[in-house]
Amino acid sequence: MSILIKNGTLVTMNPRREVFQGDIYIEGDRIAAIGNTPATACRVIDAAGQLVIPGLIQPHIHLCQSLFRGRADDMELLDWLRLRIWPLEGAHDADSLYYSALLGIGELFLSGTTTIVDMETVHHTGAAIEAIAASGIRALTGKVMMDFGEDVPDSLKETTAASLKESVELLEKWHGYDNGRIQYSFAPRFVVSCTEDLLLEVRDLARHYGVKIHTHASENRGECALVEKLHKRRNVLYLDDIGLTGPGLILVHCIWLSEEEKDILARTGTKVVHCPSSNLKMASGICPVPDLLRRGTVVSLAADGAPCNNNLDAFMEMRLAALIQKPLHGPTAMPAPLVFEMATLGGARAVGMEKEIGSLEVGKKADLALVSLEGLHTQPADGIDIYTQLVYQARGTDVTLTMVDGRIVMENRQLQTIDANEVRKKASEAVRRVARRAGLA
């Protein structure tokens, strides 16, 4: 299948950061030509008046929580987990998890996200991966691992051995599926819900299989205090001491860091994911992104989960990431081109796929989105910097087409691989069932 997208403004994010009006030719799952393209293709799409951008990449999403949107508002992290999210996650069944995943993926497609790193819950992860497989999204995903914690409900408790066994079984079944579109990543939830034995085994297994580790750290002062109580060290210091830091670790939040911890992240090549909406809503704090970037740390952007956001729109995350640093560091602290890079190439670097995704270049995967500039909120458009339009003005609802692996998954605001009406119906039925089971109906 070949697709020719004509007359769009290409925001390439290539090494020269070229932006120009032209065509892009897609053959199969790859970009075959840019600029001077074949005159014909199986499908021709006129993108006049639209931006063609690399697909947005969010390296921290909880698809298992999409069902719980609006059910855990105005709470701080630890109460949010103990009183709402953990009981609800523990009440999932395979069917509810499947439709929770589809609900989240549909929202992501409608706002131009093509790749995610997904952290599931303890049970039924296979059902969520089935939804990922059916939908066409590119994902690193993994079952959450929790073998410790006083406040963890019985419905989420698991033994170290069982957690490791199920994770490896899922990895061996799904890692590399569909020519690598789905990859597995080990997902210990955070230090306070994992034994050291589990974390050490995860470290060794990730190295053995050559996969990523995806976990939270230093999001909340209460969490940091618990880590210091348990291990007599700060969060990142502890992770470094046990050998978890490094290029294969995707570490989410990283708000409450010492200078030594910032140095460790830079020295080890650990990847940091910034989730501005989530951090603001739960009053967790503000990640020191400018400081981390100055030290050479790769920082990317993500929405986190629907109950702590309450949406998965990467455009909102870009805008907030740019704005929240300015009162602290000045108006030039987070310029729009840098923020857009965090949402594209930064995400690609986080998942170790910068040679495959994150920019529009010949030979790379055909993961992209079309963004309309016709809305009144993007006018007047003449003479305005493209990155300004994308970061400060555009919205997820301006996305008119999303493509993953050369496959159109959303076009003209209509999902192509997900039945939106079925998802609405099944998600509503599922959340009622799950909330009753959790005692939160």
- Gln389 and Val371, any side-chain heavy atoms less than 4.5 Å apart: no
- Query: Any ion pair linking Arg437 and Asp93 (charged N to carboxylate O, less than 4.0 Å)?
  - Reply: yes
- Query: Side chains of Leu81 and Phe190: closer than 4.5 Å at any heavy-atom pair?
  - Reply: yes
- Query: So, Gln65 and Asp304: side-chain donor and acceptor under 3.5 Å apart, yes or no?
  - Reply: no
- Task: Output yes when Asp23 and Lys6 qualify as a salt bridge under the 4.0 Å nitrogen-oxygen rule, no when they do not.
- Result: yes
- Task: Determine, for Arg138 against Glu356, whether the closest basic-nitrogen to carboxylate-oxygen distance falls under 4.0 angstrom.
- Result: no
- Message: Is the shortest side-chain heavy-atom distance between Leu440 and Arg71 below 4.5 Å?
- Response: no
- Message: Can you tell whether the side chains of Glu354 and Lys271 come within less than 4.0 Å, N to carboxylate O?
- Response: no
- Using a distance-only test with no angle check, is there a side-chain donor-acceptor pair under 3.5 angstrom linking Gln393 and Asp398? no
- Would one find more than 12 heavy atoms of other residues, nucleotides or ligands at under 6.0 Å from atom CD of Gln379? yes
- Message: Tell me if the CZ atom of Arg433 is crowded by more than 12 foreign heavy atoms within 6.0 Å.
- Response: yes
- Item | Atom pair CG (Leu78) and CD (Glu223), whose distance is rounded to the nearest 0.5 Å | 7.0 Å
- Query: So with a 6.0 Å cut-off around NZ of Lys355, is the heavy-atom count from everything else above 12?
  - Reply: no
- Message: Which label fits His253 and His216: parallel for a plane angle under 30°, tilted from 30 to 60°, or perpendicular past 60°?
- Response: parallel
- How far does CG of Asn235 sit from CG of Leu251, to the nearest 0.5 angstrom? 7.5 Å
- First locate atom CD1 of Ile132, then atom CD1 of Ile116, and finally report the distance between them rounded to the nearest 0.5 Å. 5.0 Å
- Task: For Thr402, enumerate each residue passing the side chain to side chain donor-acceptor pair (under 3.5 Å) test, keeping only those at least two apart in sequence or located in another chain.
- Result: none
- Query: Between Ser66 and Glu107, does any side-chain donor sit less than 3.5 Å from a side-chain acceptor?
  - Reply: no
- Message: Within the structure provided, determine whether Arg17 and Pro337 are in side-chain contact (heavy-atom separation under 4.5 Å).
- Response: no
- Between Lys262 and Glu259, is there a side-chain N and carboxylate O pair less than 4.0 Å apart? yes
- Return the set of residues passing ring pair (Phe, Tyr, Trp, His ring centres under 6.0 Å) with Tyr177 (not counting sequence neighbours), or none when no residue passes. Trp174
- Query: So, Thr125 versus Glu120: side-chain donor-acceptor pair below 3.5 Å or not?
  - Reply: no
- Return yes when atom CD of Glu76 has more than 12 non-hydrogen atoms of other residues, nucleotides or ligands closer than 6.0 Å, and no otherwise. yes
- Does any non-hydrogen side-chain atom of Phe109 lie less than 4.5 Å from one of Gln416? no
- Query: Does a donor on one side chain and an acceptor on the other come within less than 3.5 Å for His214 and His60?
  - Reply: yes
